[in-house]
Amino acid sequence: MAAAATCGTGTRSTGSVVVAASRNNVTSFQRRGPRASGTDSGCSRLVSIAGTRPSVRNGQLLVSTGLPALDQLLGGGLAVGTVLLIEEDKYNIYSPLLFKYFLAEGIVTGHTLLVASAKEDPADILQELPAPLLDDNCKKECDEDICNHKTESNIKMKIAWRYQLLPKMEARPVSSSRFGHYYDVSKRIPQELIEASKWHGFFLPEKISSTLNVEPCSLNHGYIKLLQFIQNIIYEEGFDGSNPQKKQKNILRIGIQNLGSPLWGDDICWTENCDSSHSLTKFLYMLRGLLRTSLSACIITVPTHLIQNKAIIARVTNLSDTVVGLESFIGSEKETNPLYKDYHGLIHIRQIPQLNNLIYDVSDVKDLAFKLKRKLFTIERLHLPPDLSDTVSRSSKQDLAESAKLLGPGCGMTARGKKHLDF
Amino acid sequence: MFPELNNLLNTTPDQAEQGKLTLLCDAKTDGSFLVHHFLSFYLKANCKVCFVALIQSFSHYNIVGQKLGVSLTTARECGQLVFLEGLKSAVDIFFRPQEDPHPLQFLREANSGNLQPLYEFVQEALKPMDSGEAAWRCPVLLVDDLSVLLSLGVGAVAVLDFVHYCRATVCREQKGNVVALVHDSGDAEDEENDILLNGLGHQSHLILRAEGLATGFCKDVHGQLRILWRRPSQPTAQRDRSLTYQYKIQDKNVSFFAKGMSPAVL
């Protein structure tokens with residue numbers, strides 16, 4: 001899978017050169033096909049898929065998570081074939097936002113979606129996706145084209161007359177080939193975008209009512225059904241390359257909400273010594289197997305703060321590729337802490353995968369906080385607020401110093417130590 | 001393979017020791033670079049390698065192997081490398097059940113199965129060829145990693161049994177080597193993992209432990225490597241030799257240096 005992706009870099013750049021050459025028709029320079037750039041033996045020419053880009057470091061194919069800030073922290077985006085695990089915040093307020101951003105990004109770039117939930121109907125989840133923020137130029141042109149359609153006449157350009165020969169730019173407000181878009185959380189996604197997109201829903205109460213004739217296995221029944229559903233979609237729609245006649249390759253974006261919660265029939269959130277303690281880890285392993293052999297990316301939200309057994313959390317983290325933890329300040333003592341007054345919570349990047357590489361991009365910033373503004377979800381580096389008091393107030397300084405100690409114990413994927421001194 | 005690590009371990013591909021169990025362990029960091037090292041080391045040493053890769057795909061190891069100077073595809077084609085790709089086989093066995101026993105048969109069983117089919121696979125892969133083909137130096141079993149077997153429902157005792165059987169066949173009978181990676185969960189209180197780690201720690205001849213720095217994240221020093229040489233069969237009259245080095249992982253190499261002697265600091 002990744003070997004094919006390394007050729008994608010070559011294909012993309014040569015494609016743009018060929019287009020420019022045909023437009024000018026001035027020179028007869030014709031670049032040779034990208035056969036010369038393919039180095040790996042037996043790798044197929046991967047036509048560039050909308051909404052993906054190769055990683056700068058190792059040519060791995062990446063998709064956007066819907067939040068350009070998060071993409072940057074993860075080293076450019078989420079690698080195709082991997083799992084992004086979001087550890088939910090305590091009252092599950094901000095993790096659904098990340099989930100929706102991921103799905104909205106899939107709709108805007110034209111990827112196929114697979115939404116699985118035990119709590120809400122996937123159709124309802126899709127109705128609540130945030131609306132994409134398009135370029136202002138694009139929007140303005142669209143409006144002006146509609147009203148000035150008739151008054152457009154052949155106005156000859158006097159100065160920049162070369163530009164008159166170029167075809168007029170067509171405003172396409174729907175499909176976008178950019179990587180990473182911004183979304184407006186206060187608005188809903190337009191209905192026509194949802195209808196134009198291709199999606200599959202898995203709502204657990206509907207699927208589980210059918211009689212089961214599955215041989216007993218230590219996996220939870222709901223998980224087995226979900227795995228079969230995912231495998232069905234991958235196989236039938238050719239995401240694993242099984243239908244070579246498919247004209248256009250596409251990415252399958254899978255979103256699974258609240259995995260591991262009691263709604264899925266799992267009991268790891270109730271007790272410490274549970275009977276089916278291996279259900280979730282086995283499911284994650286099988287999911288990893290499915291993803292590695294297909295063109296898909298997956299986002300999962302897990303309520304890890306409810307899981308009683310710490311060993312299971314460690315195992316779940318090891319079986320996922322990218323792990324991001326959200327910690328919101330609501331209801332905790334940090335809400336009134338002056339250190340955190342500008343932010344809504346902390347975001348911890350707990351793990352980043354090293355795929356096809358010995359090392360990976362590690363960002364220097366370990367203390368990250370997020371803030372949900374009126375329209376956007378931003379991730380910023382946590383700053384200490386400036387000390388602007390006139391008098392030297394000892395109590396406030398002590399508070400700040402103690403809060404600063406809480407920062408960054410869970411920092412870094414490369415090494416974590418007992419103390420919190422970072423170089 | 002990393003030349004500096006070879007110097008530290010006092011081995012070269014020509015003089016690889018035989019009949020040893022090497023335990024790779026990582027705590028709070030990622031020790032997979034050690035797996036890549038041993039894989040390329042034994043392939044360069046002309047040994048027959050059976051690689052049970054349970055958590056990553058073949059192309060991942062292949063691409064990193066190419067950076068380290070070995071080609072896994074050619075090794076697999078000429079029979080030097082027997083590669084069991086755990087992820088792909090798991091999907092096959094889960095969705096398309098087969099009748100004949102599969103090495104990962106335990107995935108279909110309800111209660112914690114045993115790893116006998118997996119052992120038989122290893123035994124079959126590493127049995128000496130007597131048909132006059134190119135003789136490889138010694139058989140090597142490499143497992144990445146054993147902790148994931150615990151996540152899949154196999155008990156710690158079953159995994160220890162599996163390693164015991166493999167040691168008896170590969171190390172004793174065929175004078176080969178066994179290398180396995182186990183994650184150390186640290187303060188996550190994973191009892192089964194601790195049983196596995198301690199049990200293997202007492203049986204192994206060489207323990208390589210990659211840990212994070214005690215002071216936290218550092219851009220120039222990625223972690224610390226503890227090397228421990230043991231003699232499990234003899235009574236410990238003498239103390240086992242132990243060395244500690246710090247390392248930094250680069251694109252195609254890992255550089256090792258004494259504690260505090262990182263080039264960034266000096």
Side-chain angles (χ1 to χ4, degrees), chain A residues 1-4 6 40-42 57-58 81 215-219 224 227-228 231 235 277-279 281-282 284-286 288-293 309-316 318-319 351 354-359 362 364 366 408-409 411-423, chain B residues 28-30 32-33 36 54-57 59-60 62-64 67-68 73 86-92 94-95 97 107-112 147-148 150-153 183 185-193 211-224 249-254:
Chain A
M1 165 202 80
T6 51
D40 294 344
S41 59
R57 183 171 279 287
N58 55 2
E215 43 193 89
C217 175
S218 73
L219 257 187
I224 297 179
L227 279 174
Q228 283 170 345
Q231 197 260 344
Y235 182 66
S277 58
H278 300 118
S279 268
T281 42
K282 240 182 177 178
L284 286 174
Y285 186 78
M286 300 310 243
R288 187 186 246 216
L290 281 175
L291 291 178
R292 289 282 199 269
T293 49
N309 196 348
K310 276 201 224 168
I312 296 185
I313 302 179
R315 288 181 187 178
V316 163
N318 282 338
L319 282 171
Q351 185 173 285
Q354 309 162 298
L355 289 175
N356 307 327
N357 230 340
L358 280 174
I359 49 174
V362 180
D364 285 343
K366 299 292 163 201
C411 49
M413 297 64 63
T414 49
R416 272 169 275 157
K418 295 175 202 133
K419 306 197 195 101
H420 60 91
L421 301 165
D422 286 335
F423 288 89
Chain B
K28 290 187 176 165
T29 184
D30 191 10
S32 56
F33 68 96
H36 293 298
L54 296 172
I55 45 168
Q56 297 284 9
S57 58
S59 57
H60 167 80
N62 194 17
I63 293 181
V64 182
K67 292 189 181 182
L68 300 182
T73 27
L87 290 172
K88 207 160 70 146
S89 319
V91 169
D92 284 339
F94 194 78
F95 294 107
L107 284 172
R108 288 207 66 86
E109 286 161 19
N111 43 4
S112 60
S147 306
V148 89
L150 298 177
S151 304
L152 292 175
H183 292 301
S185 50
D187 53 351
E189 295 153 13
D190 195 346
E191 287 171 4
E192 297 227 317
N193 206 10
E211 314 171 317
L213 295 176
T215 45
F217 169 71
C218 172
K219 212 164 72 135
D220 299 304
V221 179
H222 290 152
Q224 186 165 285
I249 305 180
Q250 290 145 353
D251 193 33
K252 293 189 181 181
N253 194 15
V254 175

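Chain letters run A, B, ... following the sequence lines, proteins first, then strands; residues in each count from 1.
Within the 4.5 Å cutoff, no side-chain heavy atoms of A/R292 are placed close to those of B/V91. Residues A/Q351 and B/D30 fail the side-chain proximity criterion, which asks for heavy atoms closer than 4.5 Å.
Tested against A/N357 for a side-chain contact (heavy atoms from CB on, under 4.5 Å), the candidates B/H60, B/K252, B/K67 yield a single pass: B/K67.
The contact between B/F95 and chain A is made entirely by side chain atoms (from C-beta outward), counting heavy-atom distances below 4.5 Å. Both the backbone and the side chain of A/L227 come within contact range of chain B, judged by heavy atoms closer than 4.5 Å. Of the atoms belonging to B/S32, it is side-chain heavy atoms, and not backbone ones, that fall under 4.5 Å from chain A. Within the 4.5 angstrom heavy-atom criterion, only backbone atoms of B/N253 (N, CA, C, O) approach chain A. Looking at A/N318, only its side chain comes within 4.5 Å of chain B, counting heavy atoms on both sides. Only the backbone of B/Q250 has a heavy atom closer than 4.5 Å to any heavy atom of chain A.
The nearest pair of heavy atoms linking A/K282 to B/L152 is CE-O, 3.4 Å. Between A/L358 and B/L68, the shortest heavy-atom distance links the atoms CD1-CD2, 4.4 Å. Summarising the geometry of A/Y285 relative to B/A90, their closest heavy-atom pair is CE2-CB, 3.7 Å, with the distance given to 0.1 Å. Nearest heavy atoms, A/I359 versus B/D251: CD1-N, 3.9 Å.
Side-chain N or O atoms of A/R288 include none that pairs as donor or acceptor with a backbone N or O of B/L87 at under 3.5 Å.
Counting heavy-atom pairs under 4.5 Å between each of B/Q224, B/E191, B/Q56 and chain A puts B/Q56 at the top. Of the listed residues B/G86, B/S185, B/S89, the one with more heavy-atom pairs under 4.5 angstrom with chain A than any other is B/G86.
The distance from atom NE2 of A/H278 to atom CG of B/L150, rounded to the nearest 0.5 Å, is 7.5 Å. In this structure, the separation between OG on B/S147 and CG on A/L319 is 10.0 Å, given to the nearest 0.5 Å.
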